[in-house]
Number of protein chains: 2
Amino acid sequence: MEEIDRRIVTLLAKDGRMSFTDLAKETGLSVSAVHQRVRRLEKRGVLRGYTAVIDHDAIGLPMTAFVSIKPIDPAAPDDAPDRLAHLAEIEACHSVAGDESYILKVRVASPHGLEDLLQRIRAAANVSTRTTVVLSTPYEHRPPRFDVDGDR
Amino acid sequence: MEEIDRRIVTLLAKDGRMSFTDLAKETGLSVSAVHQRVRRLEKRGVLRGYTAVIDHDAIGLPMTAFVSIKPIDPAAPDDAPDRLAHLAEIEACHSVAGDESYILKVRVASPHGLEDLLQRIRAAANVSTRTTVVLSTPYEHRPPRFDVDGDR
DNA sequence: GATGAAAAAGACTCCCA
DNA sequence: TGGGAGTCTTTTTCATC
């Protein structure tokens, strides 16, 4: 992928609703050339979609936490992500190296809501949990900086 | 905030580029009424912006990690987020309760890139680091489910 | 791949209910 | 607040280089 595609991706990461007209101005290409490139990036899966950035305080889910989980029975098949997928409070699920097996990012309304969610997580996936409560988020969703190289 | 606004927010979380026409169809409102509501949600800060969801594998940053940091000198003023803001590999910075003071989410090209970044983090903010490498991400960026209530 | 032009769809404004 | 009409902008397709 070269320069202009990277530029387009970065611009759309900063403003997912930027118009093709504006993308064209920023990249120096014509509108239709930009259009073509964006569609190609979408098709290739480089651009996986678009989403609104939401203020969780404003929608009544002001509490964020990271929940690390570990299976109670290490011999059982590990299908925790599937077993937890129905819990809408879980925004993300990452399989990780280290002492625990997954890190979940969760959004809840209150400490009570967190307590309740943790119980449901433990019950649904047969895991123990370790929770780190987020106090504030100085920044999040920063656009990626990516270079030509394959390293650094 | 009531029903229809919540619907709009959820729809835009799922597809940040959804047209006003489609939002109107989904909500049963007229285009101008939806338009008005979206602008109001943006103005109130409920909708903080829009962003493209990027495949980090595809752009040469296939390695994700969570880096927890702790100040070397607990007495020093805590301005780690500012000191780290120039590091573009850091996608998010959360202040957390618990043993460490911040959790950073980082994206790098390789183990070598991670090693290099960790050194830069330690040097820039005078902190020790503990790193958890992400092996895979079953899901991420799931839209919030939020109810009328203020609890649950 | 990129371009410009033309047609279709959508965004945005304003006024009235 | 919501709806509708009108206008202007953007998107999308297409033929051409």
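Residue numbers begin at 1 in each chain, while the letters A, B, ... track the order of the sequences. Below, each value reflects all heavy atoms present in this structure, side chains not excepted, and no hydrogens, waters or symmetry copies.
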Would you tell me if any nitrogen or oxygen in the side chain of B:Arg39 comes within less than 4.0 Å of OP1 or OP2 on C:dA11? no
Is any side-chain N of the basic residue among A:Glu42 and A:Arg48 closer than 4.0 Å to the acidic one's carboxylate O? no
Classify every nucleotide of nucleotides 4-9 of chain D by which part a protein heavy atom approaches to under 4.0 Å, writing B for the base, S for the sugar-phosphate alone and - for neither, in 5'-to-3' order. B-----
Count I, L, V, M, F, W, Y as connected when their side-chain heavy atoms are under 4.5 Å apart, and connections chain through other members. Are B:Ile90 and B:Val134 then in the same cluster? no
Determine, for A:Phe20 and B:Arg17, whether the Lys NZ or Arg CZ falls below 6.0 Å from the six-membered ring centre while staying within 45 degrees of the axis. yes
Taking only N and O in the side chain of A:His35, is any of them less than 4.0 Å away from OP1 or OP2 of D:dT11? no
Sugar-phosphate, base or nothing in reach of A:Val31, heavy atoms under 4.0 Å: base
Do A:Val108 and A:Leu84 share a hydrophobic cluster, counting only Ile, Leu, Val, Met, Phe, Trp and Tyr and linking them when any side-chain heavy atoms are less than 4.5 Å apart? yes
Send over the distance from A:Leu29 CG to D:dC17 P, rounded to a whole Å. 20 Å
Rounding to an integer number of Å, can you tell me how far A:Ile4 CD1 sits from C:dT3 C1'? 14 Å
Check step by step if ring-ring contact (aromatic ring centres under 6.0 Å, His included) holds for A:His94 and B:Phe66. CA-CA 10 Å; A:His94 302 275; B:Phe66 290 100; 5.2 Å; yes
Roughly, in whole Å, what's the span from CD in A:Glu42 to P in D:dT11? 12 Å
A:Lys105/A:Glu91 salt bridge by N-O under 4.0 Å criterion: yes
Let me test you: for the helix from C:dG1-D:dC17 to C:dA17-D:dT1, what is the angle between the axes at its two ends (five pairs each), rounded to 10 degrees? 30°
Before accepting this row, confirm whether a basic side-chain N of the pair B:Arg7/B:Glu26 lies closer than 4.0 Å to the acidic partner's carboxylate O. no
Measure CE/B:Met18 against C1'/D:dT10 and give the value in whole Å, please. 18 Å
Can A:Ile103 be reached from A:Met63 by stepping across I, L, V, M, F, W or Y side chains whose heavy atoms are under 4.5 Å apart? no
If I take atom CZ in residue B:Phe20 and atom P in nucleotide D:dG3, what distance separates them, rounded to the nearest angstrom? 15 Å
Nucleotide D:dT11, atom C1' - distance to CZ of B:Arg17 in whole Å: 10 Å
Nearest whole Å is fine: how far is D:dT13 P from A:Arg37 CZ? 18 Å
Taking only Lys NZ, Arg NE, NH1 and NH2, and the carboxylate oxygens of Asp or Glu, determine whether B:Arg130 and B:Asp99 approach each other closer than 4.0 Å. no
Taken to the nearest whole Å, CD/A:Gln36 to C1'/D:dA15 is 13 Å
